[in-house]
Amino acid sequence: MLDIKRIRTNPDELKAALALRNKTDIDVDALIALDESRRALMAEVEAKKAKRNADSAQVPKLKKAGEDASALLAEMKRLSDEITALDSQVSEKEAELNDFLMSIPNIPYKDVAPGKDDSANEELRRWGEPRTFDFEPKPHWDIGTELNVLDFDTAAKVTGARFTFYRGLGARLERAVFNFFLDVHTLESGYTEVFPPFLANTASMRGTGQLPKFAEDMYHVEGTDYYLIPTAEVPVTNMYREQILDAAELPIKHCAYSACFRGEAGSAGRDTRGIIRQHQFNKVELVKFTKPEDSYAELESLTINAELVLQKLGLPYRVVRLCGGDLGFSSAMTYDIEVWMPSYDRYLEISSCSNFEDYQARRANIRFRRDKASKPELCHTLNGSGVAVGRTVAAILENYQQKDGSVLIPEALWPYMAGNKAIK
RNA sequence: GGAGAGGUAUCGAAGUGGUCAUAACGGGGCUGACUCGAAAUCAGUUUGAGGGAAACCUCACGUGGGUUCGAAUCCCACCCUCUCCGCCA
């Protein structure tokens, strides 16, 4: 959520930001008018409350002096009725303003280029050479099925479409990948591991911005206040909700494994084969809480930390900066890391690293204090996949496939594979 | 799931319709005095959000409702913590 004061002082900044994002359906002037009428109402009701408080202090004095307070009480009754009516108008306006603010995306950082969609994203760097095959490479769903490590049919029977059973060394490979990721991030990059709950309540979902806008993408547990998390970002970011952190603790760097659950409303027909787009998938997430002045340097290092695991696995990738039109709702700037996927014959998103600046922190009320005498300030929050586990397994199956149908295990994963250096 | 106790600032905690919300009392932090310095001692100071050009005003006692001229205090619902019981990996 953006700061209404920032919008009030500089509406043109927001208008330019919305234009950069190709958002044309938001009436900034209407928002400012709404804010003005809210403040006028507040001034009115607060003056009446001040009068009531002053009168209220008189009541015990009159009673003590043995005087008749009934005229004053009648006046206060009238005043209180007015206050009740005005108060409900104020809360209506506030709710309206809040809903409006919640519907406004973050203001992109200065480096974000204009552009309609992902075709305008700017490629920043590439790592590794896409492999050339001296045979016809297979897509991972065929490799996985033939090696009996991915089983889509059984999952369809047991649960439904877009779920998968991993079997045997496939299951071990999935487990090896996220253990390897967590080891690299904790031991080499200095992240503190957390293992979060996979369900989170409404307040947390609002804190990180899944609610109210994206309710249809999430699984809600009937009869409870709980949602299945769509990413570990939700529980990990909300760890510090409603807290004032000490500047000396910053930056806080967490990595977390979790299963992720997404309804994927609106994605019917896309990536239907294989394990690219599932209702349940595994991911290791990187989350940072920083001081405002450090957040862009921390975004660079977070992205490099995510890239490191792909380098160690020998998977070719590229890094792109999302353009205004492709940028996520809460993000001020995002780098996507895309892994080479032979069956797609292109790079495919495997990580998304974003700086939310204070947008999430304002919603979730995550603050810090520079020193004991200073006022609390909002933190900047960042997160990125470090990286998506299922897509990594798919990329390994495809990039490491052999002519005989087997798949070699990248050397970095050998210690996690119980002596197996290939899946045959 | 059942029974009981509890939720007030940075921590402990008092307050049970108006004179008790910056909020008693105690601890911690900060500033100063004393000291060569430190400890001890003494004095002062120390919540957050919102509105306003400012003076200043409003709001917040787990959350949301209700009663009342007025609620931390009375009533209702819910959430969380602790203890005991039940159940369970």
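Residue numbers start from 1 in every chain, and the chains themselves are labelled A, B, ... in the order their sequence lines are given, proteins ahead of strands.
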N/O (side chain, A:Asn53) to phosphate O (OP1/OP2, B:C59) under 4.0 Å
yes
Would you call A:Ser343 and A:Arg273 a side-chain contact if the rule is heavy atoms closer than 4.5 Å?
no
Starting at CD of A:Glu242 and ending at P of B:A60, how long is that distance when rounded to a whole Å?
17 Å
Which value, in whole Å, describes the distance between the P atoms of nucleotides B:G7 and B:A14?
8 Å
Heavy atoms, side chains only, cut-off 4.5 Å: are A:Lys93 and A:Ser37 in contact?
yes
Working note: A:Glu46 + A:Lys49, criterion salt bridge (charged side-chain N to carboxylate O under 4.0 Å, His left out); need CA distance, chi angles, decisive distance, verdict.
CA-CA 5 Å; A:Glu46 283 181 9; A:Lys49 281 182 180 172; over 6 Å; no
Side-chain heavy atoms of A:His185 within contact of A:Val309, under 4.5 Å:
yes
Considering Watson-Crick and G-U wobble pairs with both distances under 3.5 Å, what does B:G4 pair with?
B:C82
Could you identify the nucleotide paired to B:C88, looking across every strand shown and requiring Watson-Crick or G-U wobble geometry with both distances under 3.5 Å?
none
Suppose you measure atom C1' in B:G44 against the same atom in B:A55; what distance do you get, rounded to whole Å?
26 Å
Considering only atom C1', compute the distance from B:U81 to B:G27 and round it to an integer number of Å.
23 Å
Atom CD of A:Glu82 and atom C1' of B:C69: how far apart are they, to the nearest Å?
13 Å
Quickly work out the A:Met76 CE to B:G17 P distance and round it to whole Å.
18 Å
Using the side-chain hydrogen bond (donor to acceptor under 3.5 Å, both in side chains) rule, take A:Ser352 and A:Asp336 through it: C-alpha gap first, then chi angles, then the decisive distance, then the call.
CA-CA 4 Å; A:Ser352 200; A:Asp336 272 5; 2.7 Å; yes
Does A:Ser80 put a side-chain nitrogen or oxygen below 4.0 Å from OP1 or OP2 of B:U68?
no
So what does A:Ser56 hit on the nucleic acid, given a heavy-atom distance under 4.0 Å: a base, only sugar-phosphate, or nothing?
base
With a 3.5 Å limit on both atom pairs, tell me what B:G32 is paired to, counting Watson-Crick and G-U wobble, or say none.
B:C42
Using the P atom on both, measure B:C56 against B:C61 and round to a whole Å.
25 Å
Find the distance A:Asp246:CG to B:G28:P and express it as a whole number of Å.
19 Å
Taking atom C1' in both B:U31 and B:C82, what distance in whole Å separates the two?
39 Å
Look at A:Arg8 and B:G50 and indicate whether a side-chain polar atom (N or O) is within less than 4.0 Å of OP1 or OP2.
no
Does B:C20 sit syn or anti, given that only angles within 90° of 0 count as syn?
syn
Is there a donor and acceptor pair closer than 3.5 Å between the side chain of A:Glu46 and the base of B:G50?
yes
Across the strands shown, which category fits A:Lys48 at heavy-atom distances under 4.0 angstrom: base, sugar-phosphate, nothing?
nothing
Determine the interatomic distance between C1' on B:U45 and the same-named atom on B:G50; round to the nearest Å.
25 Å
Strictly by Watson-Crick or wobble contacts shorter than 3.5 Å, is anything paired with B:A77, and which nucleotide is it?
B:U63
So, OP1 or OP2 of B:G51: does either fall under 4.0 Å of a side-chain N or O from A:Lys49?
no
Given B:G50, is OP1 or OP2 found less than 4.0 Å from the side-chain N or O atoms of A:Arg38?
no
A:Leu72 has an atom CG; how far is it from atom P of B:G18, in whole Å?
17 Å
Distance check, C1' atoms only: B:A9 and B:A49, in whole angstrom units.
14 Å
Write down the distance separating the P atoms in B:C87 and B:C75, rounded off to the nearest Å.
35 Å
How long is the line joining CG of A:Asn201 and C1' of B:U63, in whole Å?
12 Å
RNA chain B: A:Asp55 or A:Lys77, which has the more 5' nearest nucleotide?
A:Asp55
Polar contact flag, side-chain donor to acceptor under 3.5 angstrom, A:Gln311-A:Tyr317
yes
CZ of A:Arg369 versus C1' of B:G29: gap in Å, rounded?
11 Å
Mate of B:G12 where both pairing distances stay under 3.5 Å, Watson-Crick or G-U:
B:C25
Roughly, in whole Å, what's the span from CE in A:Met1 to P in B:G50?
10 Å
Mate of B:A49 where both pairing distances stay under 3.5 Å, Watson-Crick or G-U
B:U58
Report yes if some heavy atom in the side chain of A:Thr192 is under 4.5 Å from a heavy atom in the side chain of A:Lys253; otherwise report no.
no
Side-chain N,O (A:Arg52) to OP1/OP2 (B:U58) below 4.0 Å:
no
Looking at A:Arg39, I'd like to know whether one of its side-chain N or O atoms comes within less than 4.0 Å of OP1 or OP2 on B:G52.
yes
Please walk me through it: do A:Asp246 and A:Arg369 pass salt bridge (charged side-chain N to carboxylate O under 4.0 Å, His left out)?
CA-CA 6 Å; A:Asp246 196 338; A:Arg369 218 188 278 274; over 6 Å; no
Which residue, A:Ala47 or A:Lys375, contacts RNA chain B at a nucleotide closer to its 5' end, judged by nearest heavy atom?
A:Lys375
